[in-house]
2 protein chains.
Amino acid sequence: MPEAAVARLAVYLRVLSGMAESGVTAVSSEELSQAAGVNAAKLRKDLSYIGSYGTRGVGYDVEVLVSHIERILGLTRNHSVAVVGIGNLGHALANYGGFPGRGFPVTALFDVDADLVGIPVGGIPVNHIDEITAVCLEREVSIGVIATPPPAAQSVCDRLVSAGVQCILNFAPVVLQVPDNVEVRKVDLAVEMQILSFHVARRADEAASVSVGNNGLGVDGMVIRP
Amino acid sequence: MPEAAVARLAVYLRVLSGMAESGVTAVSSEELSQAAGVNAAKLRKDLSYIGSYGTRGVGYDVEVLVSHIERILGLTRNHSVAVVGIGNLGHALANYGGFPGRGFPVTALFDVDADLVGIPVGGIPVNHIDEITAVCLEREVSIGVIATPPPAAQSVCDRLVSAGVQCILNFAPVVLQVPDNVEVRKVDLAVEMQILSFHVARRADEAASVSVGNNGLGVDGMVIRP
DNA sequence: CTTTGTGAAGCGATTCACAGCA
DNA sequence: TGCTGTGAATCGCTTCACAAAG
């Protein structure tokens, strides 16, 4: 199954959960794809990767789809999360209090700053970063979230890996080096902003070339390239 | 140019900036690709999209690459940013104080909560959300960041669009509906966590099938499928 | 001899279009 | 008839491999 399809399944799951709460019990590929912002063919292909749970001529049962997607995404068991780096972002993450979508309880917080150690954030006490290995093993952390300043990220990552953590969500603007058996996802604000910046620039370029070049008209409408 | 290549250019730029600060003046595609976590062929292909600025047999001049990537990404001009929703995440974003990588000054903050209005966060006073249109137009906001609760996201998005904002970074777990001329990037924690969860589940499945099924050996090593 | 730049091949994801089924 | 499920076609990104250049 394509990695991109996995990401979309998570989106479908959210939309379906919303529908279920609103009392909707059945949905067609057309309706669901609209709500998820993809086209219907892609949606059906994505769902086909996990099995055939629709009814031809009718559509999908919302509850059935929800439970199958949850199973495929491994949401039937809890995934214990540790957040490292209790700055602005770390606070925000800890205070989400069990991650959005549930099933991801935050069970450990770490920081280098001794002044933070022992103080609870979002109900969980902060441990010193030197305790990562012991605490992660003890609390069976399966997902590590890195929210440290860039210089600390690789070292934190190494420690998480040596504590047996195989999944890492990295907010630090650093390219992490990890062994093959560790999965890293990164959330990189600077990169996101720069992609948007690129599109602004491209739009500006196109606007410029349309107005003076590519439409064959000069600025006052005179035909240059008939 | 592939969208994926644009994202990588932003990563190369960061790595190159770090090298420049360390006094490195030249770099080969092999070195740079290692540091950026991609293979050398892909790096060269990506750089070829923006022009031929290397020297065969030698490599690339760090400063030259930096300035060309900055130009392509539109980083030669400032992009004024507005953050909407001053909760935990909004605070964290506002306090970054000019976004990572610079060139993205936060010039406006908005919230519905009247108690927050007027109080500065990260040096910028919070405006009431009803003032979005006027303030965004006045401060020439080009990028809107949505950090509101899910139910408010679409409405905030609509208001940003009507204020002329054409680029949106969305942290709310909602699929935004926008006109074609608006570019949306989303950062979705729940989706990221669920992708990691999927990989945990897949690893567990594989481990199970290796130990009891696909290697032809039972749990104690007895041959089941010789 | 080293390293870039790139056409061409390869590969994976998306889209099409229709067979299959209720 | 209507909608799903899916092979086949298509598209676009990635990788290869080598000619070109210093």
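Throughout, protein chains are lettered first and strands after them, A, B, ... in sequence-line order, and every chain is numbered starting at 1. This structure is a prediction, so every number in the text was calculated from the model and none was measured.
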Not counting sequence neighbours, which residues clear ring pair (Phe, Tyr, Trp, His ring centres under 6.0 Å) with A:H79? List them please.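 Applying ring pair (Phe, Tyr, Trp, His ring centres under 6.0 Å) to A:H79 gives A:F104.
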With A:D46, which residues qualify under side chain to side chain donor-acceptor pair (under 3.5 Å), at least two apart?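 Applying side chain to side chain donor-acceptor pair (under 3.5 Å) to A:D46 gives A:R8, A:Y12.
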Quick one: does [X]'s side chain have a donor or acceptor within less than 3.5 Å of a partner on [Y]'s backbone?
| X | Y | value |
| --- | --- | --- |
| A:Q154 | A:Q177 | yes |
| B:R203 | A:N181 | yes |
| A:E31 | A:S28 | yes |

Please state how far atom [atom1] in [X] lies from atom [atom2] in [N], giving the value in whole angstrom units.
| X | N | atom1 | atom2 | value |
| --- | --- | --- | --- | --- |
| B:L65 | C:dG5 | CG | C1' | 13 Å |
| A:N39 | C:dT14 | CG | P | 10 Å |
| B:D46 | C:dT4 | CG | C1' | 14 Å |
| B:E3 | C:dA13 | CD | P | 18 Å |
| A:R8 | C:dG12 | CZ | P | 16 Å |

Protein within reach of the bases, or only the backbone? For nucleotides 17-22 of chain C, mark each nucleotide 5' to 3' as B, S or -, using heavy atoms under 4.0 Å. B-BBBS
Distance test, side-chain N/O of A:Y49 to OP1/OP2 of C:dG12, below 4.0 Å: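 The answer is no; no side-chain N or O of A:Y49 sits under 4.0 Å from OP1 or OP2.
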Is there a donor in the side chain of B:S80 and an acceptor in the side chain of B:T107, or the other way round, less than 3.5 Å apart?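 A pair is found: one side chain offers a donor N or O, the other an acceptor, under 3.5 Å apart.
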Taking C-beta and beyond as the side chain, do A:V145 and A:F171 meet within less than 4.5 Å on heavy atoms?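 Answer yes - side chains close enough.
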For a 4.5 angstrom cut-off between non-hydrogen side-chain atoms, does A:R159 reach A:I129?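 Of all side-chain heavy-atom pairs linking A:I129 with A:R159, at least one is under 4.5 Å.
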Bend across the helix from C:dC1-D:dG22 to C:dA22-D:dT1, to 10°, with axes taken over 5 pairs at each end?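 What I find for the helix from C:dC1-D:dG22 to C:dA22-D:dT1 is an axis angle of 0°.
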Distance from B:K186 atom NZ to B:L176 atom CG, nearest 0.5 Å?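 One gets 9.5 Å once the value is rounded to the nearest 0.5 Å.
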Distance, nearest 0.5 Å, that separates OG of B:S52 from OH of B:Y60: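 One finds 8.5 Å between OG of B:S52 and OH of B:Y60.
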How do A:S28 and B:A5 order along DNA chain D: which one's closest nucleotide is nearer the 5' end?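 Residue closer to the 5' terminus by nearest nucleotide: A:S28.
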So where does chain A start and stop touching DNA chain D, 5' to 3', when the test is distance under 4.0 Å to a non-hydrogen atom?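 That gives a stretch of D:dG2 to D:dA8.
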Nearest-nucleotide wise, let me know which of B:E30 and B:K45 is further upstream toward the 5' end of DNA chain C.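 Nearest-nucleotide comparison on DNA chain C picks B:E30.
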For a quick test of your reading: what N or O donor-acceptor pairs under 3.5 Å do the side chains of residues 17-26 of chain B make, sequence neighbours left out?
from	atom 1	to	atom 2	distance (Å)
B:S17	OG	B:L13	O	2.8
B:S22	OG	B:G18	O	2.9

